[in-house]
Amino acid sequence: MLNEKVAIITGASRGIGAATAKLFAENGAKVVVNYANNESAAEEIVESIRENGGQSISIQADVRNQDQMSSLVNQTISHFGKVDILVNNAAINFAMKSFSDMEWDEFKPKIEEEMKAAFISTKSVLPIMKEQKYGKLVYISSGLSHQPIPGFIAHGTAKAAMNSFVRYLAQELGPYNITANTISPGMVETDATKHTPAEEKEKTAMFTPLGRIANPEDIARAALFFASDQSAFMTGTYVPVSGGMEMNS
């Protein structure tokens, strides 16, 4: 499905990113596991891929840092020769507060850093994708960008900005045969939700038509579709992967 394609996955040492790295490798991609701090976790993913016959390397880089991301892309090219796919997945922390309790200086970092991560990661891979007239850009958003719940105003607003950003990319990059699509998970069983009370997860599952919350592999499978040529004529789309929790009208 991804035979010999080269994929950079940001924030790939755990959760959705790790599941995506493994699934892409299983489907024939050469995978760059990007991580910010957790080298041992990233190396575990790389080892797991190699043990299963895949090709992978891990590269440390802060997705908000242009020099580090340029270096990551250069290392990828020197190792694998090209870049075909970018999955923009790295998590950016945020203040979990109501609007009434939040100050601008608490709200602003999430908006700025979420967009900076998407902006810089994309800028870093674009020259090579434009040159080869081929590229797959996949962005991990959140259902909270469309459906507000208390405390998530910074996160939801930042992801909504990214959703719009991706549509503009799709419009501009179409002539280069580069697609840009957004995946919007509902609640996912990852490190980020391990402190979520069990009753809250059960309640979410109860309100989800498919009767459960997602696991990282559910999101990875959607990313695989958008990274492959199965989605060749799809760009600028926003796809909820939420078990039916978020239904677009």
Side-chain angles (χ1 to χ4, degrees), residues 6-21 24 29-46 56-96 104-132 135-142 145 154-155 157-166 168-169 172-173 178 180-183 190-192 223 227:
V6 177
I8 294 170
I9 301 165
T10 69
S13 64
R14 56 193 181 136
I16 293 168
T20 302
F24 280 21
K30 299 170 183 177
V31 178
V32 175
V33 173
N34 159 253
Y35 67 96
N37 304 307
N38 200 338
E39 184 178 4
S40 59
E43 272 307 310
E44 275 177 39
I45 305 303
V46 169
S56 181
I57 56 172
S58 67
I59 304 176
Q60 192 278 333
D62 182 335
V63 290
R64 299 160 296 187
N65 183 301
Q66 183 67 68
D67 290 342
Q68 290 184 27
M69 285 305 291
S70 295
S71 170
L72 180 145
V73 171
N74 290 336
Q75 288 177 67
T76 301
I77 292 165
S78 67
H79 205 89
F80 291 134
K82 57 179 183 162
V83 180
D84 300 299
I85 300 156
L86 169 72
V87 180
N88 187 86
N89 166 72
I92 307 292
N93 292 333
F94 61 96
M96 195 180 288
W104 174 248
D105 287 344
E106 296 172 303
F107 184 69
K108 178 185 168 188
K110 173 64 171 175
I111 313 291
E112 188 172 327
E113 292 180 22
E114 187 79 42
M115 289 312 304
K116 195 173 185 185
F119 187 98
I120 286 175
S121 298
T122 307
K123 274 272 187 191
S124 301
V125 299
L126 262 193
I128 185 107
M129 287 184 175
K130 280 182 167 180
E131 193 181 312
Q132 65 197 20
K136 296 282 188 176
L137 303 170
V138 182
Y139 299 81
I140 308 300
S141 183
S142 166
S145 65
H155 183 64
T157 304
K159 290 296 192 183
M162 190 174 78
N163 299 347
S164 183
F165 173 73
V166 176
Y168 275 89
L169 289 177
E172 183 177 326
L173 300 175
I178 298 169
N181 292 289
T182 304
I183 294 169
T190 65
D191 285 358

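- Ser13 places no side-chain N or O within donor-acceptor distance of the main-chain N or O of Ala41, the cut-off being under 3.5 Å.
- Here the side chain of Asn34 pairs a donor or acceptor atom with the backbone of Ala61 at under 3.5 angstrom.
- Across all their heavy atoms, Ile128 and Lys82 have their closest contact at CD1-CA, 4.5 Å.
- The two residues Gln132 and Asp84 make their nearest non-hydrogen contact at NE2-OD1, 3.3 Å.
- Checked by atom type, the side-chain pair Glu113/Asn93 shows no donor-acceptor distance below 3.5 Å.
- Panel note: side chain Lys110, backbone Ile92; a donor-acceptor pair is recorded below 3.5 Å.
- Between the side chain of Ser78 and the backbone N or O of Gln75, at least one donor-acceptor pair lies under 3.5 Å.
- Using modelled atom types, no side-chain atom of Ser71 and backbone atom of Asp67 make a donor-acceptor pair closer than 3.5 Å.
- When all heavy atoms of Met115 and Ala158 are compared, the closest pair comes out as SD-O, 4.3 Å.
- Ring geometry, Tyr139 versus Phe165: the interplanar angle exceeds 60°, so the pair is classed perpendicular (tilted spans 30 to 60°).
- The two residues Ser121 and Val63 come nearest to each other via the heavy atoms OG-CB, 3.8 Å.
- Every salt bridge (Lys or Arg N to Asp or Glu O under 4.0 Å) that Glu106 has, sequence neighbours left out, goes to Lys97.
- At a threshold of 4.5 Å between non-hydrogen side-chain atoms, the residues Val31 and Thr20 do not count as touching.
- Between Val33 and Ser56, the closest side-chain pair of non-hydrogen atoms falls below 4.5 Å.
- Val138 has its side chain out of reach of Asn181: every pair of non-hydrogen atoms, C-beta onward, lies at least 4.5 Å apart.
- For Glu172, the CD atom is loosely surrounded, since the number of other residues' heavy atoms within 6.0 Å does not exceed 12.
- The heavy-atom pair separating Ile120 from Arg64 by the smallest distance is CD1-O, 3.1 Å.
- Contact check for Ile77 versus Val83: side-chain heavy atoms found under the 4.5 Å cut-off.
- Within the 4.5 Å cutoff, the side chain of Gln60 has no heavy atoms near those of the Glu39 side chain.
- Using a cut-off of 4.0 Å between Lys/Arg side-chain N and Asp/Glu carboxylate O, Lys116 and Glu112 are scored as not salt-bridged.
- Between the side chains of Glu44 and Ser40, no donor-acceptor pair of N or O atoms lies under 3.5 Å.
- Between Ile45 and Ala21, the shortest heavy-atom contact is CG2-CB, 4.0 Å.
- Annotation: salt bridge (Lys or Arg N to Asp or Glu O under 4.0 Å) contacts of Lys130 (sequence neighbours excluded): none.
- Results of the side chain to side chain donor-acceptor pair (under 3.5 Å) test with Ser145 over Thr157, Asn163, Thr182 single out Asn163 as the only residue that passes.
- Under the 4.5 Å side-chain criterion, counting only non-hydrogen atoms from C-beta, Leu173 is in contact with Leu126.
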